Structures are given as C-alpha cells and as structure tokens.
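Read through the structure below, which is laid out as structure tokens, and then see the notes.
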Amino acid sequence: MNLSFDPSSPAQIETPALASYVFDKDDRIEGALAALDRATGGRLKRLAESGELTGKTLEMTLVHDLPGLAASRLLLVGAGKPEKFDGAVLRRVAAAALRSLRAKSVTHMTFLLREGERNVAGSQAVTEGLLLGEFDSDFYKTEKKNGKVMEAVALAAGGGAAPEIEQGITRGRVIAEAQNFTRTLVNEPSNRMTPRILAERAQQMAREAGLAVEVLDEKRIAEMKMGALLSVAQGSSEPPRVIVVTYTPGQMKPGAPVLGLVGKAVTFDTGGISIKPAEGMEKMKYDMAGGAAMLGAMKALAALKPAVKVVAVIPATENMPGGRAQKPGDVQFAMSGKSIEVINTDAEGRLILADGITYAKQLGCTHLVNAATLTGAIVVALSNINAGVFTNNPEWQEKVLSSARRVGEKMWPMPLDDDYRELIKSTIADIQNVGSGRGGGASVGAAFIREFTDDTPWVHLDIAGTAWLDEQKPWAAKGPTGIAVRTLVDLAMSLS
Ligand code: BES
Ligand code: ZN
Ligand code: ZN
C-alpha cells in the first residue's frame, strides 16, 4: 500500500474517497468539517440535523457526489465522545475507514486529519491504523478478493504541518509494518511455521534490518543443557531452535540497561501426552505469538535505533505426543540447574521460557520482558480485552504499563506475591510445572517463570487472550493481532 501526504485544502482533494471523523457532540460540524460543509452549501449540517450523522463510535456515513468537493465520496466515521478520544480511537477510526471503503472496492483514499491531530502523534496513529486495517488472514485463498485491495492512501491536514505529518507517517509505517510482520508469522499454520522455518524467517528479517542473529540448533541446545526446552521438544520429530536477535546501538552509555525480550514460540501446542481436546485445537498454531512479537519489535527497533542494547531470545519448539514425549511425572533439569516435576505436559510454555530467561541473563540482559500465550486462565480472568501483566519488580512493571498506555495496547497488572510459590511446590523436585489447586492458573504460570529470574527485573505478559481475534472487528481482521509489539518498541525507545 502506497502512503503519501496530500497538501491540498480539504475541498480541493481529488480522490475517489475522502475520509474523516466526526465527534459525538452537539456542534458536530466544526473545524475541518465546517470548511467542507461551507464548500458543499451546508449539506453536512443538514445531515447532522436529520439525525443520520451522530458521531457515535465507528458509525459510518458515506455520501456520494457532494457538490463543491473534488472528492467523489465523503466517508465520515464516528469518533465518539470528544472526552474519550485518543490515539487508540483514532487508530481504530482510520483502520475502520480503510476496511469499509475497501469492502466497497475503493482502491484509493485520502484521510483528512482534523485540527487536534495535525501532528506527529496524530499522523502516526492514522498511519498505523491504515496499515493494520489493511491486514487480512486469507493467505491461502486461491480465489483472490476480486480487486479489493487498497492501493494508495494519502494523509491530508488541510495545508500546513507537512514535516510533522511526514514524520508521523514514517514512524507509523515502521511500527505497523513490524506489527504486521508478527501477524504474518502467527497466521501461518504449523506445517508452514516449524521452529526451523521460524528461525529462517528471523534470519531473513535480521539480514534485511541489519541486526545480528544467532540460531542454536538441537545440538547446541543440548550442549547448553537447556533441559526444560528439550523436554518439550523430545516428543516431536521437528527439532527445536533458540533464536537470538541482537540490536546494538552505535553509542551506549556505560551502565545502561540491556533489554531482554524472551518470547514463547511453540509452533504447535497439542498439549503433548496431556493432550488437548480436538475442538479448537487448530488455533494452537498461534502458540508462537510471544516469540513472533519479539521478532516484530526487533524489526521496528532496527529502524528506530534506540540508544539501548536489546536482545531477543526465542525458544522455539513443537509440543507433540510422540513416542519419545515426556510423560506426566517426569523430572527435568532446567538450564539453571533447578529440577522440575512435569505434572502436566500441556504447561510447556513456562518450561521453554525458563531456559529462555536463563539464557537471556547469561547473555547480559539486565531487564527482562517475556511475552507468551501462556494460560487459558488469563482468558477467564481478562477475556480477550486485556493482556495480563505479572512482575517481580513493580517499578519495571510500571514502565511497561505506561508504554502500553501510550501506544493503546490494553494490559492489566495481575497479582504475583510470594504466597503463589506455595502452589508450585513439588514432592520429588524443586518445583512442579502446574499448581496444586485449581485456582489462579495465570498467576501460577507466572510464579513458575519467576523462579528463573533470580530477581532480575522482569515482566511477564500473558497474551493468550489477546494475540488472536476470534471474530473480525470493523477495524481488524479475524486472526492474529500482533499484540505487544507496539508496547515493546515504545519501552525500548523510552529507555534510551
Ligand atoms: N498454549 C496454552 C495456553 C492457552 C490455552 C492459550 C488455551 C489459549 C487458550 C498453554 O500451553 C497451555 O496449554 N496452558 C494450560 C496450562 C495448564 C495445563 C496448567 C492451560 O492454560 O490450560
Ligand atoms: Zn500447552
Ligand atoms: Zn502452549
């Protein structure tokens, strides 16, 4: 999709579709819209008075052939109450505008920013919305969507502010393309996204972006004594990989933090011997969304160049019930030396993260964030709305949460006090991989991972509920969301 800046004044913009947004308030036709209204001889005011144009969130009003406008159509998207309006709403407005016009076979559009958003943040949010809205998960449909492709989008700002708008377009493109890269990886079915293929995709991305990359194969993984990862991988004939992507800044202050991004990449989770039910199992191809988020974040950071070093560590494996698969009750030794009783082979994410975190610390990471589709319990607690956030260090967590708020990714802090340690006590080993009771599954999973952090500031993002959209939304396709990419990028930038 081509993206550009159109300096024309609103009524003169020549385009098949001019899109903008309307607030839900009495004086709906003001600012940029008042100018359009005057050009059309008051038609927008009349539309508002008729009750058809209300500004309610994501209401779509499409008007054709307005006299006085060079555009063939005008699409006005409801932006809701002005007091609730922010970058997140604007991102959705832009995405929904693109998707609704594209559904009508419109191939070119111009998005008109209004007065308050004619700045870097505004044009960045719109750019992100447009590119994220463009994503679809129909990769393998052989009948192509009869020309329904948005080929070109321009941003307009009623003249002026060009440098800011251009800067926002550039930044927004870097971030949204990185997030869509993550979604592309997550959308692939498991036969087309094995640990080895994920490693190849990471190498290709790193090469193109100018990042360092190292892939540990099964031999190296065994030499490193990553027993927890290997225990999950042993049930599959696909070998595991550990993918390490490193960004090193040109200039680094001594004593600066080294950010470690550890992502769960189970390219398919059958549950292993503790096998999952057939219904819905196909969705478990998305169990590598945490790892894919880290790769997306690295791709963006390579372009945005923060002043801190960032290392992504991605343990990748299948979780299969093969003849060599680990069995409930087996005891494994993690890379850290801790012994683990594997009560349930379906709690495999925490096992591979244990070794991923140990390795990230060995590589010198001083601050850790991990992302993982870790538990069904987080979906029970927070539905598909918020990602769950757990930590061993409240200040570090606050940094992550404020990044999430800035970029409009919903995340919510969950409890992880010392008492949760009680629940993973094992009779035979140091710890067991599931809780002894039935409650608090998401915190139990986090408590297990915490055992491997040794007080290195660490935040765990449980994205099981938020990495996949089960129903399409006006602003997004059904399928992978790319959650956490924007937060992690903002976090790394805010450390520099
Ligand atoms: N990949 C799943 C988490 C998951 C489950 C995501 C359901 C989305 C929907 C993870 O590996 C898993 O199976 N977790 C178990 C843990 C349990 C055995 C303690 C779960 O949540 O059921
Ligand atoms: Zn599992
Ligand atoms: Zn899993």
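We count ligands from 1, going down the list as the structure has it; atoms in each ligand are counted the same way. What you see is a predicted model, and the numbers here were worked out from it, not measured in a lab.
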*Give the contacting part of D287 toward ligand 1: side chain, backbone, both or neither, where contact means a heavy-atom distance below 4.0 Å.*
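The part of D287 near ligand 1 is the side chain, not the backbone.
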*Which one holds for K283 and ligand 1: side chain close, backbone close, both close, or neither close, with close meaning a heavy atom under 4.0 Å?*
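The answer is neither; K283 stays 4.0 Å or more away.
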*Determine the sole option in R183, K148, R102 for which the salt bridge (charged side-chain N to carboxylate O under 4.0 Å, His left out) test with D136 is passed.*
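So, applying the salt bridge (charged side-chain N to carboxylate O under 4.0 Å, His left out) to D136 and each of R183, K148, R102, only R102 qualifies.
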[X] bridged to [Y] by N-O distance under 4.0 Å:
X: R405; Y: E398; result: yes
X: E282; Y: K285; result: no
X: E188; Y: R192; result: no
X: D430; Y: K338; result: no
X: K264; Y: D287; result: yes
X: K283; Y: D470; result: yes

*Hey, can you tell me if F448 and F452 have their rings parallel, tilted or perpendicular (30° and 60° cut-offs)?*
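Taking F452 first and then F448, their aromatic rings sit tilted (interplane angle of 30° to 60°).
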*Would you call the rings of Y21 and F111 parallel, tilted or perpendicular, where under 30° means parallel and over 60° means perpendicular?*
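The arrangement is parallel - the two ring planes meet at less than 30°.
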How close does the nearest protein non-hydrogen atom get to [atom], and which residue and atom is it?
atom: atom 9 (C) of ligand 1; answer: M284 CE, 3.6 Å
atom: atom 10 (C) of ligand 1; answer: L374 O, 3.2 Å
atom: atom 6 (C) of ligand 1; answer: Y286 OH, 3.4 Å
atom: atom 19 (C) of ligand 1; answer: V434 CG1, 3.7 Å
atom: atom 2 (C) of ligand 1; answer: D269 OD2, 3.5 Å
atom: atom 5 (C) of ligand 1; answer: G376 N, 3.6 Å

*asked:* Please confirm whether K264 approaches ligand 1 to less than 4.0 Å, judged on its heavy atoms.
replied: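 Contact check K264 vs ligand 1: positive.
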*If you measure from each heavy atom of D346 to ligand 1, is any distance below 4.0 Å?*
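For ligand 1, residue contact (heavy atoms, under 4.0 Å) with D346 is present.
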Looking only at N, O or S atoms in [X], which is nearest to the Zn ion (ligand 3)?
X: E348; result: OE2
X: D269; result: OD2
X: D287; result: OD2

*asked:* Between S274 and N344, do the side chains contain a donor N or O and an acceptor N or O under 3.5 Å apart?
replied: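 Side chains of N344 and S274: pair found under 3.5 Å.
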*asked:* We want to know whether E409 and T487 form a side-chain donor-acceptor pair, criterion being a heavy-atom distance below 3.5 angstrom.
replied: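 Side-chain D/A pair, E409 to T487: present.
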Numbered atoms of ligand 1 (with element) below 4.0 Å of [X], judged on heavy atoms:
X: K276; value: 2 (C), 12 (C), 13 (O)
X: E348; value: 11 (O)
X: T373; value: 1 (N), 2 (C), 3 (C)

For ligand 1 and [X], I'd like to know whether there is a polar contact (N/O to N/O, distance under 3.5 Å).
X: R350; result: no
X: A464; result: no
X: N344; result: no

*Does CD belonging to E279 count more than 12 external heavy atoms closer than 6.0 Å?*
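No, not enclosed.
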_2.8 Å cut-off met by an N, O or S atom of A347 to the Zn ion (ligand 3)_ =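 Coordinating: no.
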